[in-house]
Amino acid sequence: MLVFLVTVSSVYALEEGVSVPLVADQEAGQYYNTFSRLEEGVTIPIVADRSTENGDQGVLLNAQVIVTNGTGHVFVDTNPYTQVDLQGSARLAAMVASDVSGIDQGAYDFYYIIDISSPIIGGPSAGGALTVATIAAINKWVLKSDVVMTGMINPDESIGPVGGIPFKLEAAAAKNATLFLIPEGQSTVTVRKTVSRARGAFIISEEKKEVVDVVELGRKLNVEVKEVSTIQDAVLAFTGYEIIIPTYKGTVLTPKYLNLLEPLASNLKKEASSMYEETASAVPESKFMEEAKDILKKADMMYNDKKYYAATSSYFNAMISMRFAQWSNGYSKAVDKEQYLTELVDKVEKQIQLSEADLENFKSYGVSDVGAVGAAESRITAARAKLDAARKLNDIDEKISSLAFANERARTAQWWLTLATPEKKVVPQDILKDRAGWYLSQAQSISTYTLALLSESGDTGVIGGAEEDIRNAQKEMQRGYYSGAIFDSLQATMKSSTIIGFFGQVDSSKKIEQSSNAAKTAINEARMAGIEPTLAVSAYEYAETVTNPYDKIAQYSYAKMVAKTLVLLNSRAVPTSDTPAKPAITDFISQPQTPTPAATSKKLQTKIQVPAFEAITALAVILIVRRLNKN
């Protein structure tokens, strides 16, 4: 069999387990300049749905999974071509399997070869089985030949719901399976069956819904049906090997972390209070000041509760509201309003340039604390994007709102540099660039996969914030802000992954607990590796203060991703004798309300939309009813 696996810059011809690079360009020839013999890998049965004249039927296919040393590529070959969601399942399988196995995905290549004998209904139901096979290939474990599985793989290692389970069970039984694994909660499912009856010379077909007890159906077919909730459960059933999920009972918000965050939070508490008093005296009836007052009250409560990062986030939001109130009031009183707006744009531009200068000075010694540098680069990129957007806006309120956000967002870059904990080693730029490109590619792939799943479910919406994160990461790659590109890419991956985890009927409380424990464990592992993962701990702390299940899970997941990424990057660091100097926090400067008083001020009617410091827009994730009926 000759299989062509195509990447961006090269084509591989795989024959009899040998990988031969066919050079598509000079760069490809340099990049793939070695030959590697592919091992036999692992073969696992996967079940799918296909449509026939008599309705849906199950079909049993074989997938071969091969894992070799490499650079993080995922190759998928199907004959014939299938929908993007099967390819997305394979990419997600590689990511989850690497995480479960404790390996660096970027150090391996993953090959998924699936022979599809007949057209199948698109769907991610092979994800769980592909992940099991990938874990087995990594660890060189043997799979039991009489076990078959159906179920999505979720990024949090849980098994997600699928459709067509009775049809798939029948296909597995026909191939002598003795154990059939299904997602938790799907022992009883509703399927659609086509019923035909004769009426005179005509055959009338109609579709009817039928409730099926899958466990009872299995008994009739001499197949044991068993629910599995996690990939660890599935691996145990297939291999007999138990993967123990570590738990961490210690404190996440340690004294070291609190002592690092407290000075910044204390400074911002004083600044926000002073800013409020000054602004309130100038614009006492502003509704934005009422909003700021409420935010400050909550921020002070968080500060007193030693939730310093969450408090800092709230002070940030309050400052945006107050800055908007100041500048709107100034605009209403300005004689030359165009000149006033020009001065505001210049003021924001100078603040961004000041933050950029501090960042470049900090990085001149090399990138030691990747988390702090990445956070700073991400915030500068967001600030400049907002400023660029503000320049093009015609609506005055929207323009001033964007300028207020851009100004304060740029300042947060300086705040993050003050939180850096540099060590006597730096991560080389080539490592950061390579990793940034890889994480960006991963984010784009997972985003595309998520959009495909949403589209199949009938939801034509977008992934809240993920597309913007990817755009920012692309800008950062071009600018050389590789640390920022890494963490913006992780943000996008986290948002897409969290949505996938909400498909079907979800036990939010269980997922929150699992994601919290996973974040704790990852943070502890980073500390055991000699890293204080401030960016990860801050996300964990923020998750503790929000109530929306999506936001909590998303922030816990981001904390886990960041902690693991910091450990990986730190392992590539090299010694240095230089120590970067932290910038001073920009002090609060009184803002002139207006260059020249006008006759009267106008009352603003629009409400400012203030983006949270790290909060993610919560999505209302629908139950994927149509999807479960057809997959």
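Quick note: residue numbers are just sequence positions, from 1.
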Between [X] and [Y] (side chain of the first, backbone of the second, donor and acceptor by atom type, cut-off under 3.5 Å), is there such a pair?
X	Y	value
N517	E513	yes
S158	N154	no
T239	Y241	yes
T498	M494	yes
W438	G72	yes
T565	M561	yes

Do the side-chain N and O atoms of [X] and [Y] include a donor-acceptor pair separated by under 3.5 angstrom?
X	Y	answer
T188	D213	no
T534	Y309	no
K168	S125	yes
Q514	Y556	no
E227	S187	yes

* Identify whether the distance between the nearest side-chain nitrogen and carboxylate oxygen of K495 and E467 falls below 4.0 Å. => no
* Asked: Less than 4.0 Å between a side-chain N and a carboxylate O, is that true for E544 and K307?
  -> no
* To do: Could you go through the side-chain contact (heavy atoms from CB on, under 4.5 Å) check for D156 and I500 one step at a time?
  => CA-CA 9 Å; D156 64 358; I500 294 174; over 6 Å; no
* Asked: Mind checking what makes salt bridge (charged side-chain N to carboxylate O under 4.0 Å, His left out) contact with R91, not counting sequence neighbours?
  -> none
* **D99: salt bridge (charged side-chain N to carboxylate O under 4.0 Å, His left out) partners, not counting sequence neighbours** => K560, K564
* Asked: Do M149 and I44 come close enough that some side-chain heavy atom pair is under 4.5 Å?
  -> no
